[in-house]
Asker: 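One structure follows; several queries about it will come next.
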Amino acid sequence: MDANANAPVLHLAQDPEADELLSHSRLAALTGMLLDQQVPMEWAFKGPATIARRMGTDDLDAHEIAAQDPEAFAALLSEKPAVHRYPGSMAKRVQQLCQYLVEHYDGDAEGIWRDVDSGAELLKRLQELPGFGKQKAQIFLALLGKQLGVAPKGWREAAGAYGEARSYRSVADITGPESLAKVRAHKQEMKAAAKAAKSAGADGG
């Protein structure tokens with residue numbers, strides 16, 4: 001954690017303890033991004049701190065998580081309050097992510113971007129992570145570039161629309177309650193537009 005002692009403070013969980021861990025631990029930030037689906041964003045990004053606390057530690061360790069008994073780890077995420085709406089399947093994904101990091105980066109999340117030359121290369125590496133499709137990889141790339149000081153050449157282009165300055169499309173733009181509200185409004189607009197398009201398509205059929 002000391003390596004990022006002067007790290008900018010993230011405000012993704014809207015919870016001081018959880019946000020401090022996200023700010024100092026890149027594995028925690030990656031894990032929060034992995035959990036950020038089918039649940040409110042704050043719930044997802046509180047997950048890493050909850051996992052660490054239940055494991056009796058103040059940080060996440062990829063080697064330790066990768067080596068956990070799968071059933072025991074699933075039970076740990078399932079304790080009330082559950083870390084995710086689908087704690088069993090997400091426990092498996094978190095372990096797969098950590099196992100991949102151990103295998104390819106000696107368990108060091110920062111190894112993903114430490115020696116990259118371009119945003120395109122970093123995006124490719126992020127997309128290779130278990131549980132990271134293109135959209136999730138682009139959002140995390142934008143978060144790295146906008147808030148965590150990881151900005152290889154061409155990162156904004158590689159992140160697509162999420163890389164645009166003040167776009168308020170994703171967690172990459174959330175720095176507090178006001179920006180959270182803007183991102184939430186954008187997501188609601190997108191949902192409404194998708195619903196309207198689907199409805200129009202059904203009417204046309």
Side-chain angles (χ1 to χ4, degrees), residues 1 4 7 9-105 107-110 112 126-133 135-144 147-148 162 170-177 179-180 183-184 187 191:
M1 288 172 78
N4 296 300
V9 178
L10 297 176
H11 297 277
L12 305 180
Q14 305 288 302
D15 172 275
E17 182 192 347
D19 280 328
E20 186 178 348
L21 178 60
L22 293 170
S23 304
H24 291 93
S25 166
R26 297 299 172 255
L27 177 56
L30 261 182
T31 302
M33 190 74 237
L34 178 69
L35 294 170
D36 187 21
Q37 55 190 41
Q38 298 173 299
V39 294
M41 181 201 73
E42 302 95 313
W43 183 2
F45 281 95
K46 267 184 194 171
T50 304
I51 293 169
R53 190 166 58 247
R54 290 177 185 175
M55 290 181 75
T57 178
D58 61 358
D59 197 358
L60 297 182
D61 183 299
H63 291 274
E64 196 178 336
I65 292 172
Q68 289 284 308
D69 173 76
E71 286 188 18
F73 191 63
L76 184 129
L77 269 69
S78 301
E79 283 176 32
K80 304 290 185 203
V83 167
H84 194 275
R85 183 174 291 148
Y86 305 107
S89 61
M90 294 314 291
K92 187 177 179 182
R93 288 193 177 192
V94 171
Q95 279 200 290
Q96 287 171 339
L97 174 64
C98 289
Q99 286 158 357
Y100 184 90
L101 291 174
V102 167
E103 190 179 331
H104 295 270
Y105 299 103
D108 179 12
E110 291 189 41
I112 300 167
L126 288 168
Q127 281 187 254
E128 287 168 352
L129 297 174
F132 276 67
Q135 184 185 41
K136 196 177 283 286
Q138 285 187 314
I139 291 171
F140 194 77
L141 175 54
L143 177 66
L144 287 171
Q147 298 199 49
L148 296 175
Y162 301 109
S170 72
V171 300
D173 291 289
I174 294 172
T175 54
S179 48
L180 171 62
V183 170
R184 214 158 247 150
K187 288 191 173 187
K191 269 187 183 171

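For this chain, numbers begin at 1 and follow the sequence in order.
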Asker: Check D36 against V39 and note the closest heavy-atom contact, atom names and distance.
Answerer: OD1-O, 4.2 Å

Asker: Can you run down the salt bridge (charged side-chain N to carboxylate O under 4.0 Å, His left out) pairs that involve residues 64-74, sequence neighbours left out, and say none if there aren't any?
Answerer: none

Asker: Heavy-atom distance under 4.5 Å between the side chains of Y162 and L141, does that happen here?
Answerer: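 Counting from C-beta outward, Y162 and L141 never come under 4.5 Å.
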
Asker: For Y100, give me all partners under ring pair (Phe, Tyr, Trp, His ring centres under 6.0 Å), at least two apart in sequence or on another chain.
Answerer: H104

Asker: Not counting sequence neighbours, list each pair that qualifies as a side-chain hydrogen bond (donor to acceptor under 3.5 Å, both in side chains) and has a residue in residues 41-53.
Answerer: E17-R53, E42-R184

Asker: Could you check whether any side-chain heavy atom of I51 comes within less than 4.5 Å of a side-chain heavy atom of F73, counting everything from C-beta outward?
Answerer: yes

Asker: Distance from L97 atom CG to I65 atom CD1, nearest 0.5 Å?
Answerer: 8.5 Å

Asker: Test of understanding: with salt bridge (Lys or Arg N to Asp or Glu O under 4.0 Å), list the residues that count as partners of D173, not counting sequence neighbours.
Answerer: K146

Asker: Does some side-chain heavy atom of L21 sit less than 4.5 Å from a side-chain heavy atom of S25?
Answerer: yes

Asker: Counting C-beta onward and ignoring hydrogens, is there a side-chain heavy-atom pair between D61 and L27 closer than 4.5 Å?
Answerer: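 Result no, sub-4.5 Å side-chain heavy-atom pair not found.
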
Asker: I want to check something: taking the side chain as every heavy atom from C-beta on, are V183 and V171 in contact at a cut-off of under 4.5 Å?
Answerer: no

Asker: For S89, which residues count as a side chain to side chain contact (heavy atoms under 4.5 Å, CB included) partner, sequence neighbours excluded?
Answerer: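 Partners of S89 by the side chain to side chain contact (heavy atoms under 4.5 Å, CB included) criterion, ordered by chain and then number, come out as Y86.
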
Asker: Using 0.5 Å steps for rounding, measure from the CG atom of L22 to the CG atom of L12.
Answerer: 6.0 Å

Asker: Does Q96 reach the main-chain N or O of G131 with its side chain, forming a donor-acceptor pair under 3.5 Å?
Answerer: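 Judged by distance alone, no pair lies under 3.5 Å.
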
Asker: Quick one: CG on L180 to CE on M41, what's the gap to the nearest 0.5 Å?
Answerer: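 That separation rounds to 5.0 Å.
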
Asker: Are side-chain heavy atoms of V83 and V94 found at a separation under 4.5 Å?
Answerer: no

Asker: Could I get the full list of side chain to side chain contact (heavy atoms under 4.5 Å, CB included) partners for Q37, not counting sequence neighbours?
Answerer: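 Per chain and number, Q37 pairs via side chain to side chain contact (heavy atoms under 4.5 Å, CB included) with H84, M90, R93, K136.
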
